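Note that the coordinates shown come from a computational prediction; the quantities given were computed from them, not determined experimentally. Letters go in sequence order (proteins before strands), and every chain restarts at 1.
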Amino acid sequence: MPPITNAEIAAALFSHADLLELAGESPFRARAYRAAAESIRDWPEPVASVAGAAGLRTIPGVGEGIAAAVTDLVSSGSHQPFDDLAAAIPPSLAGILTLPGIGAKTAMKLHRELGIADLADLERAAIDGRIRAAKGLGARTEVTVLAGLDALKERTGRMPIGSALPAARAFASAIRALLPDMRVEIAGSVRRYCETAADLDIVVESRDHPGTIGRIVAAPAIGRVISQGYDALRVALQSGIEADIFLATPERFGTVLVRATGPAVHLERIGPLPDHAPDEPAVYAAAGLPWIPPELRLGGPEFTRTAEIPALIRIEDIRGELHCHSTWSDGAAPIGGMAAAARDRGYRFLAITDHSGGLGVANGLDVARLTAQRAEINAESGDPVLLAGSEVEVDRDGALNFDDPTLAALSIVVASLHTGLRQPRDELMARVERVLRNPNVDIIAHPSGRLIERRSPGDFDWPRYFAIAAETGTALEINADPARLDLKPAHAEAAVAAGCLLTINCDAHHPGGFANMEYGIAVARQAWVQRDAVINTWETSRLLAWLASRG
DNA sequence: GCCGTTTTCGGCCCGACTGTTTTCAGTCG
């Protein structure tokens, strides 16, 4: 029997966490299992080969209890307390917890009173109108369930780029360490900065394919080999992520890299690829084309708009960020720490925009704390220039958390809708219009409210949204958090075409959060955005003048 | 169940909204 992989251990812990939640155990206990599961899934080496409980406990989130469970799972594939709970509550029931509005209590009620054990049972019950038979549940719950099931069916099951790209980089580094003199490049949808990826693709330079494959399969990050050919290999990593590895001789590395990067619609437009091109520019040159950056390979506009490519925004154009958080609200670092991180990136300005009081869970600021914070911001060094701001919560009626004099006293105001995103279109649009028409509001953050693969965007009337934003001069954000990527490329392109200004921000909650800028830049480039439309590429003086000209 | 050095217990996200009640439990961000 092959040793259990990190992904399999993590799956057992995740499943137990769900069952603990259903069983009504302490939510902190369930959370502890999930935290340990994530740590183990992402551990760079096989946890099965980590020796002893003491070794296991060096993994963050793994303590005495979970180390014992993992030891059992490694030695026998099972752990008695897990099996006992799974016998009492069907693990498939956890599937219905993914529906918005259905929590552990409701799930158990549905199980006990209606015999529901999985999503399919629940769907039938909702369609038949049987959910209302359960005490405390009504017709509205049936609607919620059916809407949730619809949203679930739209999920792709792919991993977000924010997980896929770091995983690809880590795996590519591991291969480079085994093959120090060979080129190793990430390819596929990850290289193209697609918002989700099904798997990883890696191209490895090789002069001796059997020998190269022999060295790669020894990588500790690999959980098992799925299939193996002469010049290709498909593996499942310890994390459960699957990866295709393509071998290429130096003479045809470019050909293989272009093909492995795709997508098919782009390759079709290029036509037959040369058999032997050592690098990508040679492939494109053979087709009479300039080299096309991977994120622009979409199968259409990159062939007709080649002249625009050099003018597209680049990450070096970004001069600062206009949306970040500190320990004053839900950030992990004090203002000075965030400023230092921005300084390290060469930024000239940084807006501190902690949450307003309306978002209680995020330790939002009231007016008194906002005033105190402004004093702290003003006491900072001035490199980068700090702007005292706020991420102000928009209430369900479109009112902002702070009154106009308070907003006017801030250097920058970022408005956000975090709640009520499922309102009908006319209510949502009325809220947004009220916010856009407030002259104190400079930026709308993550305009659609979507969370990729987790929450659908609000049902906004986008042409109208962009028309009003263009009229009021309010900048719309491309939120670079890979869980959001909001605006998405099509909307960012439409916004600029309508005359809107944009800003690309990481919404950083800790100093490392600024590293997400590359994702936001990729979105902007996919939207064919040029630098000048993005206000945080502007010189500090121009940005300050723009802010001063507003409310 | 995990964590930490103002630790070996007490905290860990907590307040608003929703749908169902008839005064509130459950869910979510």
Side-chain angles (χ1 to χ4, degrees), chain A residues 12-14 16-40 53 56-71 79 81-82 85 96-113 126 131-148 151 325 327 329-332 355-366 391 393-397 399 401 416-424 427 431 445-446 449-451 454-458 481 483-484 486 507 509:
Chain A
L13 298 177
F14 277 125
H16 190 62
D18 288 340
L19 294 178
L20 289 171
E21 201 177 324
L22 287 166
E25 293 275 347
S26 155
F28 300 113
R29 230 180 126 202
R31 185 192 301 172
Y33 275 94
R34 293 199 177 102
E38 287 180 19
S39 268
I40 287 172
L56 289 170
R57 293 189 63 175
T58 62
I59 299 171
V62 176
E64 190 182 347
I66 292 178
V70 171
T71 302
H79 178 56
F82 289 8
L85 192 53
I96 78 175
L97 295 175
T98 56
L99 294 175
I102 306 293
K105 299 290 171 60
T106 307
M108 284 306 281
K109 186 185 294 183
L110 290 164
H111 179 55
R112 274 197 284 264
E113 297 190 22
I131 288 179
R132 65 190 75 180
K135 190 169 170 54
L137 301 180
R140 290 299 289 270
T141 306
E142 288 165 4
V143 174
T144 304
V145 163
L146 290 171
H325 300 272
T327 45
S329 65
D330 60 350
H355 292 283
S356 67
L359 204 61
V361 297
N363 189 28
L365 278 63
D366 57 18
E391 180 178 7
E393 199 55 23
V394 177
D395 294 339
R396 306 180 77 81
D397 61 357
N401 267 180
S416 288
L417 284 72
H418 287 104
T419 55
L421 284 161
R422 280 179 281 178
Q423 284 176 333
E427 284 176 39
R431 281 170 87 187
H446 39 74
R450 76 165 178 172
L451 293 173
R454 299 215 320 265
R455 187 173 72 201
S456 305
D481 180 338
R484 292 187 179 273
D486 180 10
D507 196 354
H509 284 69

Between dC12(B) (C1') and Asp330(A) (CG): distance, integer Å:
16 Å

Let me know the distance between CD1 of Ile102(A) and P of dT20(B), rounded to the nearest Å.
11 Å

Distance, P atom - from dT21(B) to dG11(B), rounded to whole angstrom
36 Å

Is the shortest side-chain heavy-atom distance between Arg422(A) and Pro100(A) below 4.5 Å?
yes

What is the nucleic acid contact for Leu13(A), judged by heavy atoms within less than 4.0 Å: base, sugar-phosphate only, or nothing?
nothing

Nearest-nucleotide comparison on DNA chain B, the residue closer to the 5′ end among Ala107(A) and Ala32(A)
Ala32(A)

Determine the contact category for Ala139(A): base if any of its heavy atoms lies under 4.0 Å from a base atom, sugar-phosphate if only primed atoms, P, OP1 or OP2 are that close, otherwise nothing.
sugar-phosphate

Got a second to check how far Arg450(A)'s CZ is from Arg484(A)'s CZ, nearest 0.5 Å?
10.5 Å

Base, sugar-phosphate, or nothing: which does Ala35(A) touch, judged by heavy atoms less than 4.0 Å apart?
nothing

If you look at every strand shown and take non-hydrogen atoms under 4.0 Å, does Leu20(A) touch a base, only sugar-phosphate, or nothing?
nothing

Nearest-angstrom distance, C1' atom, dT5(B) to dG10(B):
15 Å

Looking at Arg422(A), I'd like to know whether one of its side-chain N or O atoms comes within less than 4.0 Å of OP1 or OP2 on dC28(B).
no

Can you tell me how far C1' in dG26(B) sits from the matching atom in dT20(B), rounded to whole Å?
10 Å

Picking from dC17(B), dG1(B), dT27(B), which would you name as closest to the side chain of Arg396(A)?
dC17(B)

For dA16(B), give its Watson-Crick or G-U wobble partner with both distances under 3.5 Å, or none.
dT27(B)

For the pair made of NZ in Lys135(A) and C1' in dA25(B), what is the distance, rounded to whole Å?
12 Å

For nucleotides dC2(B) and dT8(B), find the distance between their C1' atoms and express it as a whole number of Å.
13 Å

Any Thr141(A) side-chain N or O less than 4.0 Å from OP1/OP2 of dT20(B)
yes

Of the options dC12(B), dG26(B), dC2(B), whose atoms approach the side-chain atoms of Thr106(A) most closely?
dG26(B)

Closer to the 5' end of DNA chain B via nearest nucleotide, is it Arg140(A) or Pro60(A)?
Pro60(A)

Quick check on the 6.0 Å ring-centre criterion: do His418(A) and His355(A) meet it?
yes

Cationic N near anionic O, under 4.0 Å, Arg431(A) to Asp395(A)
no

Report which part of the nucleic acid Pro100(A) touches: base, sugar-phosphate, or nothing (heavy-atom distance under 4.0 Å, all strands).
sugar-phosphate

Rounding to an integer number of Å, can you tell me how far Glu21(A) CD sits from dG26(B) P?
13 Å

Using atom C1' in both nucleotides, what's the gap between dT23(B) and dT18(B) to the nearest angstrom?
15 Å

Expressed as a whole number of angstroms, how long is the span from Glu393(A):CD to dC17(B):P?
11 Å

With heavy-atom distances below 4.5 Å as the criterion, would you say the side chains of Leu85(A) and Leu22(A) are in contact?
no

Between P on dT18(B) and CD on Gln423(A), what's the gap in Å once rounded to a whole number?
8 Å

Shortest non-hydrogen separation from Thr419(A) to Val394(A) and the atoms involved
OG1-O, 4.5 Å

Between dG26(B), dG19(B), dG1(B), which nucleotide gets closest to the side-chain atoms of Arg29(A)?
dG1(B)

Describe the nucleic acid contact of Thr144(A) in one word from base, sugar-phosphate, nothing, applying a heavy-atom distance below 4.0 Å.
nothing

Please determine, for the side chain of Arg31(A), which listed nucleotide (dT27(B), dC12(B), dG1(B)) has the closest atom?
dC12(B)

